[in-house]
Structure formats: structure tokens, C-alpha cells
Protein chains: 2
Amino acid sequence: MNYSRQREIIYKTLADNVVHPSAEYIYEILKEADSKISLATVYRNLNKMASCGHIKKIEGLEDRAHFDHNTFEHYHFICEKCGKIYDVAKEVAPEIVKKTQDKTGFTINSHDIVFHGICLECKKKER
Amino acid sequence: MNYSRQREIIYKTLADNVVHPSAEYIYEILKEADSKISLATVYRNLNKMASCGHIKKIEGLEDRAHFDHNTFEHYHFICEKCGKIYDVAKEVAPEIVKKTQDKTGFTINSHDIVFHGICLECKKKER
DNA sequence: GCCAAAACTGATAATAATTATTACTTTATA
DNA sequence: TATAAAGTAATAATTATTATCAGTTTTGGC
């Protein structure tokens with residue numbers, strides 16, 4: 001994989017945004033910052049970085065994929081009110097891979113956990 | 001929600017198919033069985049049943065949604081070789097909701113776990 | 001530095017899953 | 001049974017994502 005200026009700014013934008021952005025969102029930010037980047041380039045590079053493990057692709061939320069520069073094992077929570085995506089520490093499901101492999105006999109290469117509910121901020125606002 | 005013949009056969013087809021079918025798959029089965037049903041009707045009813053909790057919608061696998069008539073809490077495993085979707089007992093992640101709520105302070109309404117890997121059948125075939 | 005090969009890009013067309021629309025039909029109930 | 005609400009079939013529309021392709025960058029050897 002060669003260097004590319006576009007991939008670099010896409011990665012930086014992802015890393016700077018705690019919100020777990022979608023491809024479209026990153027594209028909008030870069031366009032505002034006057035970059036002449038193409039949406040296809042954003043998709044291409046996010047997928048490329050995801051498949052080589054440099055970033056993480058989060059699927060199964062709404063209808064679009066989101067991306068995460070944090071590749072350390074962790075899970076996600078999406079707020080049903082504000083749509084924000086939060087990280088959840090992996091300690092909430094200790095030894096889940098070992099337990100599942102023991103129980104099923106399958107080989108597990110990866111797993112994802114997504115929680116849905118109401119975040120603290122939105123709970124406060126409700127009152 | 002009123003009764004409809006179409007919804008009934010969609011539910012029956014879902015319940016009869018252990019494979020966690022997609023909307024398209026259910027539609028194909030029903031079309032073969034000569035029903036004049038429309039694909040939009042299949043989508044409409046699966047989503048309606050899912051949102052009232054009568055069935056479960058499984059997202060985050062490939063690019064299409066799958067459905068499960070088993071509403072008992074459980075998780076899913078998708079085989080990277082054959083694409084088959086298996087159920088995983090909820091015991092692999094004991095107290096995950098309580099733990100996550102305690103740790104984050106968020107209210108959790110639902111959660112999904114998806115494992116990716118190789119199933120037993122495909123592991124046997126590999127040798 | 002120069003050059004060819006490989007990798008990459010922007011623009012846009014194509015694809016595929018899902019949802020919206022609409023005229024008509026079925027269901028529930030007063 | 002009449003009528004309003006809910007549902008349907010057929011298909012157009014939408015939306016996220018991927019493919020295509022001609023042109024540009026990057027890279028490593030000379």
C-alpha cells in the first residue's frame with residue numbers, strides 16, 4: 001500500500017472525531033476544509049484501512065457504516081435519542097470468545113456488540 | 001394491528017426456516033409456493049413484526065437484514081465460509097446488561113452480539 | 001533527477017437493499 | 001351491512017456503497 005495524501009487526511013479526520021463518523025460525514029468535513037476529495041476516495045480508503053486493521057468498521061447501526069480509529073477491543077452503545085455512538089469497555093463481557101468457542105466448537109475470528117438505549121445526557125434532558 | 005393473510009404466511013415461513021432468512025429469501029419461498037405476494041409486503045410486515053417485538057431483526061451481517069422468529073434472548077454467529085447463521089446461547093455473556101449499565105450509567109434497551117468465524121461443518125471440510 | 005510500473009484519485013455510472021407512493025382490497029366494528 | 005382503518009400489489013424513488021476508467025501520484029531502480 002502506497003502513501004497517499006488523501007488517506008492521511010481521512011485518517012486524521014477520523015482520529016480527531018470522537019463521534020465515530022460515517023464515510024459521508026468525513027467527506028463533508030473534508031469538503032468544507034476545501035479539499036477537493038471525492039466521496040469514492042473516502043469510502044475506498046476507509047475500507048482499505050479497515051481491512052488491514054488500521055481502523056475499525058462498525059456495522060449494524062442504522063443503515064450506514066461507521067468507522068473508529070480505536071482498534072483496541074471494545075464495544076459500542078448507540079443512543080436512541082441523539083444517535084451518538086459511545087465506546088463500551090470490553091470488561092462487560094469477560095472471556096466471551098473463549099466461552100463461545102467452548103460452547104459451540106466454532107472458531108471465532110471477531111465479534112461485535114452493540115447496545116441500544118438512552119445515554120446519560122439525554123436522560124438528564126428528559127427531566 | 002389488523003390481521004392479514006400475508007402477514008400470517010410470512011411469519012409461518014420465517015418460523016419454518018431455521019436459517020434466519022432475509023426478506024428477499026422469504027419472498028422467493030412464497031413466490032415459489034405460488035403466492036402472489038409483493039416484496040414490499042414482505043419488508044413491511046417483517047419490519048412491523050420486528051418493531052412490535054413479535055420477531056427479531058438481525059442487522060450487521062453482510063449488507064442485508066435477516067430475521068429470526070426466536071425472540072428469546074440469544075446471540076448470533078455467522079460462518080465466514082458458508083454464510084450460515086447460528087444461534088448462540090446468552091450464557092456466553094452473563095449479566096452483560098447490568099454490567100454495562102453500572103459502568104456507563106446509560107439505560108440499555110437492547111443489545112446484539114454477532115460473532116464471525118468458521119463453523120464446525122466448514123472446519124471439518126477444510127481437512 | 002528520470003522513468004516505468006504500481007497504486008491512487010476524481011468524477012460519475014451502476015448496483016442493491018430498502019422505503020415511499022398510490023390506487024385498490026380486506027378487515028374490524030358501530 | 002356500511003364505513004373507516006389497515007393492508008396489499010406494483011412499481012417508482014431513495015440511499016448507501018461499489019465499480020469503472022481516464023488521468024495523476026508515488027516509488028524504487030537506474
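So that the names make sense, note that chain A is the first sequence line, chain B the second, and so on, each numbered from 1. These numbers were taken from a predicted model, which means no experiment stands behind them.
- Cluster membership check: B:V114 does not share its hydrophobic cluster with A:V92, using side-chain heavy-atom separations under 4.5 Å among Ile, Leu, Val, Met, Phe, Trp and Tyr.
- Contact detail for B:V88 and B:F77: the closest heavy-atom pair is CG2-CB, 3.8 Å.
- For A:E121 and A:K84, the salt-bridge test passes: some basic side-chain N is under 4.0 Å from an acidic carboxylate O.
- Comparing the axis of the opening five pairs of the helix from C:dG1-D:dC30 to C:dA30-D:dT1 with that of the closing five pairs yields an angle of 40°, rounded to 10°.
- In the region residues 35-44 of chain B, proximity to DNA chain D at under 4.0 angstrom, judged on heavy atoms, holds for B:K36, B:I37, B:S38, B:A40, B:T41, B:R44.
- There is no side-chain donor-acceptor pair under 3.5 Å between B:H76 and B:D112.
- Side-chain atoms of B:N45 and B:Q6 include no donor-acceptor pair closer than 3.5 Å.
- Donor-acceptor pairing under 3.5 Å is recorded for the side chains of A:K57 and A:N47.
- Taking a heavy-atom distance under 4.0 Å as the criterion, the stretch of DNA chain C touched by chain A extends 5' to 3' from C:dA7 to C:dT12.
- Atom OG of residue B:S110 and atom CD of residue B:E73 lie 10.0 Å apart, to the nearest 0.5 angstrom.
- Contact check on A:E126 versus A:K81 returns a salt bridge, with a Lys/Arg side-chain nitrogen under 4.0 Å from an Asp/Glu carboxylate oxygen.
- Near DNA chain C, meaning a heavy atom under 4.0 Å from it, residues 45-55 of chain A has A:N45, A:K48 in order of number.
- Side-chain contact annotation: A:Y75 with A:H111, donor-acceptor N/O pair under 3.5 Å present.
- Taking a 6.0 Å sphere around OH of A:Y3, one finds it holds more than 12 heavy atoms contributed by other residues, nucleotides or ligands.
- One side chain, B:H74 or B:D68, offers a donor N or O that lies under 3.5 Å from an acceptor on the other.
- Note on ring orientation: taking the six-membered ring where Trp is involved, the planes of B:H69 and B:Y11 are perpendicular (angle over 60°, cut-offs 30° and 60°).
- For residues 3-22 of chain B, proximity to DNA chain C is found at B:Y3, defined as any non-hydrogen atom under 4.0 angstrom from a strand atom.
- Counting non-hydrogen atoms under 4.0 angstrom, A:A65 reaches the backbone sugars and phosphates but no base.
- Annotation: side chain to side chain contact (heavy atoms under 4.5 Å, CB included) contacts of B:K12 (sequence neighbours excluded): B:E8.
- Closest of all the heavy-atom pairs between A:Y25 and A:V19 is CE2-CG2, 4.1 Å.
- Shown here for A:S22 and A:H66, the closest heavy-atom pair between the two residues is N-ND1, 3.8 Å.
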